[in-house]
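What follows is a set of notes on a single structure, which appears directly below.
Sequence lines set the chain letters: A, B, ... in the order given, protein chains first and strands last, and positions in each chain run from 1.
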Amino acid sequence: MRDVAVVGFAQRQMPVFDGSPTCVELLVPLFAECYEQTGWTRRDIGFWCSGSSDYLAGRSFSFVSAVDAIGVIPPVNESHVEMDLAWALYEAWLKIQTGEVDTALVYAFGKASAGVLRRTLALQLEPYTMTPLWPDTISLAGLQARAGIDAGVWDERAMAEVANRSLTDAEKNEYAIRKGGSSVEELLSRPMYADPLRKHDCSPVTDGAAAIVLAAGDRAREVRDRPAWIGGLAHHIDPISVGTRDLTRAPSAARSAAALDLDGVEVAELHAPFSHQELVLRRELGLADDVRVNPSGGALTSNPMFSAGGIRIGEAAARIWSGEASKAVAHATSGPALQQNLLCVLGATTEGAPN
Amino acid sequence: MTRTLSAPVTVAFDYTRSTGPVLGRFLTGLRDGRVVGARTSDGRVVVPPPEFDPVSHEAVTEFVEVAPTGTVTSWTWVPEPVPGQPFDRPFAFALVTLDGADTPFLHALDLASPDQVSTGMRVRVRWAEERVGAITDIACWEALDAVVEVRGEARLATTDPVTGVITPVSLDYLYAASPEESAFYRGLNEGRIVGQRCPACQKVYVPPRSACPSDGTPTAEEVEVAQTGTITTFCVVNVPFLGQKITPPYVSAYVLLDGADIAVLHLILGVPADEVRMGMRVKAVWKPEEEWTYSLENIDHFEPTGEPDADYDTYRQHL
Ligand SMILES: [Zn+2]
């Protein structure tokens, strides 16, 4: 296997993006930041891969217009996934492993505010017995939260602790759109929204985009003194039917964790759009108590659709670059109630990289 | 003035799907007022039946009818229902394990307040008045102690086995144009055709795009282009289709406006369809000013100027 590192990362997160759903004008400055961080031009990029959703954009082939932000003369090597940025990164990592390219720029975008997000996402459900009922994202998360409360796996206080820590950490994140912790008591005194969820238990609707640069071996070393080497990537999927799953668990996350070496992880960026989901993930990943979870504030404070999982990888990588951490794990999710889960281990050395 | 123009857009379509033998059997059961599950290799009865066994991965073949009564295993309150959900007033979604089944099943629970819902409560199926072989043949779950309304025999649409379902999808968006596109539409509202020039390669794009597709540079400089141009390519539309506004035959053509580097698609009138040709010089014909809005439809059509045809070399790079 080739040693591949994250060497560039740029992001934008906001409640409402005042522009078209192809987000081209949002992507242009993100790419410019990536070129500046790497010292490269677009011609140094061997492979491009994007994540986005036509349902979110309300138009077909929305990713084709977004390619304007790249510029395609001479023609580029380009692909797209109807998934989060993290899965686009996975495709790019594989592409580099084939030896065909040494570098890749992966990006994702989404304007969730253009429609009714919690309703639009019903289209990713099982189409015969679920979508016709239009179960919204918050309801599905509410069923999961209740299952854990009834089973005694977590309680409202544990959920509020997650929210309070996220809101407090988000104060240091210029991109977070919801921030400002108070106290667990204060959060618990707020009214129920979708019982058993309060509004702070649910991620805000967020527009945004993000871009990540990958490079192999010496191409990574020429960009950064301390590249964030990818120690491993794994993703698994649980059944889509919420009835056949134990909603207090996420076996696919545990299986991904088992495929990787998480020993010595200091920081975990977990893509948990609902407070209780961080508790599920913490358990499935077997994280030690001293692991710092979501120092960025996490998805509970801003959750740009199709970028938020990849942003976890970017945030984790930035902590390796800065020397703040030597080993980190990033997580991305997709589907209802943590159905699909991807893990990416990042380290300051190439030790532990898959071979 | 806001930075961008926006307008509501509804995207609507019907998904038509075949059901296959397993879901077809389940949906046929619902239509006939019965709930059918399947026994999986671990001995559990699963409702709705999965098409393939989650453990053995074999096709599911053993079907079991379960009771229309059951127990709530999880629930959540829906304070702000969205269109398409079983109720347009607050309700609960609940997972219910029906008597005779081993796994819970998602549907709406009709109660007036979250205080009336609890895990462990007993509920039953309320059937829809008219059943067609769809998940919505179950109207909802209702509390088992609910007052029983006397209802007539449910009307069945047919007695044939269910082999397909149609799921209507309708999504509402507030669709925004980019700032560059907004400048283009504002220009049209003033009778002008506005493009934008790429500072790197000098190409002029009409309608403008946020970045030059050749080199990725943001387009910056606004340029008004001419209202005359050259037909680069065209087609004669002879086929009627849904939503068509003009009776065929008519000509749809790419017009390269003078001063632009990308052609716009528009209607050609004022000339018999069989006389339209590549290189023909045309000009914009606008609707009356009082009908103008933020739309390319302000230009009713293009028609010949009567000038000699353009040289092929003047537009060959734009085909
Ligand atoms: Zn250009």
Task: Segment of B/Asp172 engaging chain A (4.5 angstrom heavy-atom cut-off) - done: backbone
Task: Nearest non-hydrogen partners of A/Ile138 and A/Cys202, listed with the distance - done: CG2-SG, 4.3 Å
Task: Heavy-atom pair of closest approach, residues B/Gly43 and B/Asp102 - done: O-OD2, 4.1 Å
TODO: Side chain from CB out, backbone as N, CA, C, O: work out which of these in A/Ala57 comes under 4.5 Å of a heavy atom of chain B, or both, or neither.
DONE: backbone
- [ ] Starting from the C-alpha separation in whole Å, work towards a yes-or-no answer on side chain to side chain contact (heavy atoms under 4.5 Å, CB included) for A/Ile237 and A/Gln339.
- [x] CA-CA 6 Å; A/Ile237 180 167; A/Gln339 184 212 0; 3.8 Å; yes
TODO: Measure A/Arg245 against the heavy atoms of chain B and call it side chain, backbone, both or neither at under 4.5 Å.
DONE: neither
- [ ] Examine whether an atom of B/Pro48 lies under 4.5 Å from a heavy atom of chain A, and if so say whether it belongs to the side chain, the backbone or both; otherwise answer neither.
- [x] side chain
TODO: Could you tell me whether B/Phe52 atom CZ has more than 12 heavy atoms of other residues or ligands within 6.0 Å of it?
DONE: no
Open item on the list: For B/Val169, which atoms come within 4.5 Å of any heavy atom of chain A: side chain, backbone, both, or neither?
Closed with: both
- [ ] Select one option (side chain, backbone, both, neither) describing which atoms of A/Pro239 are under 4.5 Å from chain B's heavy atoms.
- [x] neither
Task: Selection from A/Pro196, A/Ala194, A/Gly115 maximising heavy-atom pairs under 4.5 Å formed with chain B - done: A/Ala194
Open item on the list: Which atoms of A/Leu247 are under 4.5 Å from chain B, going by heavy atoms: the side chain, the backbone, both sets, or neither?
Closed with: side chain
Open item on the list: If you count heavy-atom pairs within less than 4.5 Å of chain A, which of B/Trp77, B/Phe105, B/Phe26 leads?
Closed with: B/Trp77
Task: Pick from B/Ser210, B/Ala211, B/Pro213 with the largest number of heavy-atom pairs that fall under 4.5 Å of chain A - done: B/Pro213
Open item on the list: I'd like to know whether CZ of A/Arg42 has more than 12 heavy-atom contacts from other residues, nucleotides or ligands below 6.0 angstrom.
Closed with: yes
- [ ] Side chain from CB out, backbone as N, CA, C, O: work out which of these in B/Phe93 comes under 4.5 Å of a heavy atom of chain A, or both, or neither.
- [x] both
Open item on the list: Less than 4.5 Å to any heavy atom of chain A: does that hold for the side chain of B/Pro8, its backbone, both, or neither?
Closed with: neither
Open item on the list: Between B/Val46 and chain A, with a heavy-atom cut-off of 4.5 Å, which part of the residue counts as in contact: side chain, backbone, both or neither?
Closed with: side chain
- [ ] Answer with side chain, backbone, both or neither: which region of B/Thr219 has an atom nearer than 4.5 Å to a non-hydrogen atom of chain A?
- [x] neither
Task: Structural part of A/Asp150 lying under 4.5 Å from a heavy atom of chain B - done: side chain
TODO: Would you please classify the geometry between the A/Trp48 ring and the A/Tyr107 ring as parallel, tilted or perpendicular, with 30° and 60° separating the classes?
DONE: perpendicular
Task: Top contributor to chain A interface from B/Leu95, B/Thr136, B/Val82 [non-hydrogen pairs under 4.5 Å] - done: B/Val82
Task: Contact origin within A/Met192 toward chain B - heavy atom pairs under 4.5 Å - done: neither
TODO: For the residue pair A/Thr206 and A/Asn303, confirm or rule out a side-chain donor-acceptor distance under 3.5 Å.
DONE: no
Open item on the list: Can you list the residues of residues 11-23 of chain B that sit under 4.5 Å from chain A, counting heavy atoms only?
Closed with: B/Val11, B/Phe13, B/Tyr15, B/Arg17, B/Ser18, B/Thr19, B/Leu23
Open item on the list: Taking side chain as everything from C-beta outward and backbone as N, CA, C, O, which of these in A/Ile70 sits under 4.5 Å from a heavy atom of chain B? Side chain, backbone, both or neither.
Closed with: backbone
- [ ] Determine yes or no for a side-chain-to-main-chain donor-acceptor pair under 3.5 angstrom, with B/Gln85 supplying the side chain and A/Trp134 the backbone.
- [x] yes
Open item on the list: Looking only at the side chains, is there a donor atom on one of B/Arg122 and B/Thr71 sitting less than 3.5 Å from an acceptor on the other?
Closed with: yes
Task: Winner by heavy-atom pair count (cut-off under 4.5 Å) against chain A, out of B/Val47, B/Thr97, B/Val78, B/Thr119 - done: B/Thr119
Task: Interchain contact, B/Ala108 with chain A, by part (heavy-atom threshold 4.5 Å) - done: neither
Open item on the list: Can you confirm whether more than 12 heavy atoms, excluding those of B/Glu221, are under 6.0 Å from its CD atom?
Closed with: yes
Task: Test salt bridge (charged side-chain N to carboxylate O under 4.0 Å, His left out) applied to B/Arg89 and B/Asp110, step by step - done: CA-CA 10 Å; B/Arg89 52 185 162 77; B/Asp110 180 17; 2.9 Å; yes
TODO: Output the option from A/Thr129, A/Val72, A/Asp18 having the highest count of non-hydrogen pairs under 4.5 Å with chain B.
DONE: A/Asp18
- [ ] With a 4.5 angstrom heavy-atom cut-off, could you sort out which part of A/Pro127 is near chain B: side chain, backbone, both or neither?
- [x] both
Open item on the list: Please classify the contact of B/Glu181 with chain A as side chain, backbone, both or neither, using a heavy-atom distance under 4.5 Å.
Closed with: side chain
- [ ] Give, as side chain, backbone, both or neither, the part of A/Leu125 having an atom under 4.5 angstrom from any heavy atom of chain B.
- [x] neither
TODO: Under 4.5 Å heavy-atom distance to chain A, tell me which part of B/Ala94 shows up: side chain, backbone, both or neither.
DONE: backbone
Task: Shortest non-hydrogen separation from B/Pro208 to B/Glu180 and the atoms involved - done: CG-O, 3.3 Å
Open item on the list: Can you tell me which portion of A/Phe17 sits under 4.5 Å from chain B's heavy atoms? Options are side chain, backbone, both or neither.
Closed with: side chain
Open item on the list: The test is side chain to side chain contact (heavy atoms under 4.5 Å, CB included); show your working for A/Leu121 and A/Asp136 and say whether it passes.
Closed with: CA-CA 7 Å; A/Leu121 291 176; A/Asp136 56 284; over 6 Å; no
Open item on the list: Between A/His276 and A/Gly148 (side chain of the first, backbone of the second, donor and acceptor by atom type, cut-off under 3.5 Å), is there such a pair?
Closed with: no
- [ ] May I ask you to check whether A/Ser275 and A/His200 show a side-chain donor-acceptor distance below 3.5 Å?
- [x] no
Open item on the list: Please rank B/Ala92, B/Pro83, B/Ala200 by heavy-atom pairs under 4.5 Å with chain A and give me the top one.
Closed with: B/Pro83
Open item on the list: I'd like to verify something: which residue of B/Leu106, B/Thr103, B/Thr167, B/Thr4 has the highest number of heavy-atom pairs under 4.5 Å with chain A?
Closed with: B/Thr4
Open item on the list: I'd like to know which of A/Thr22, A/Asp68, A/Ile73 tops the heavy-atom pair count under 4.5 Å against chain B.
Closed with: A/Asp68
TODO: Specify which of A/Thr131, A/Val116, A/Thr120, A/Leu123 makes the most heavy-atom pairs with chain B at under 4.5 Å.
DONE: A/Leu123
Open item on the list: Please find the pair of heavy atoms, one from A/Arg249 and one from A/Pro251, that lie closest to each other, and give the distance.
Closed with: C-CD, 3.7 Å
Task: Heavy-atom contact with chain B under 4.5 Å, split by part of A/Ser241 - done: neither
- [ ] Identify which of A/Leu27, A/Val24, A/Leu133 forms the greatest number of heavy-atom pairs closer than 4.5 Å to chain B.
- [x] A/Leu133
Open item on the list: Counting only non-hydrogen atoms closer than 4.5 Å, does A/Val28 touch chain B with its backbone (N, CA, C, O), its side chain (CB onward), both, or neither?
Closed with: side chain
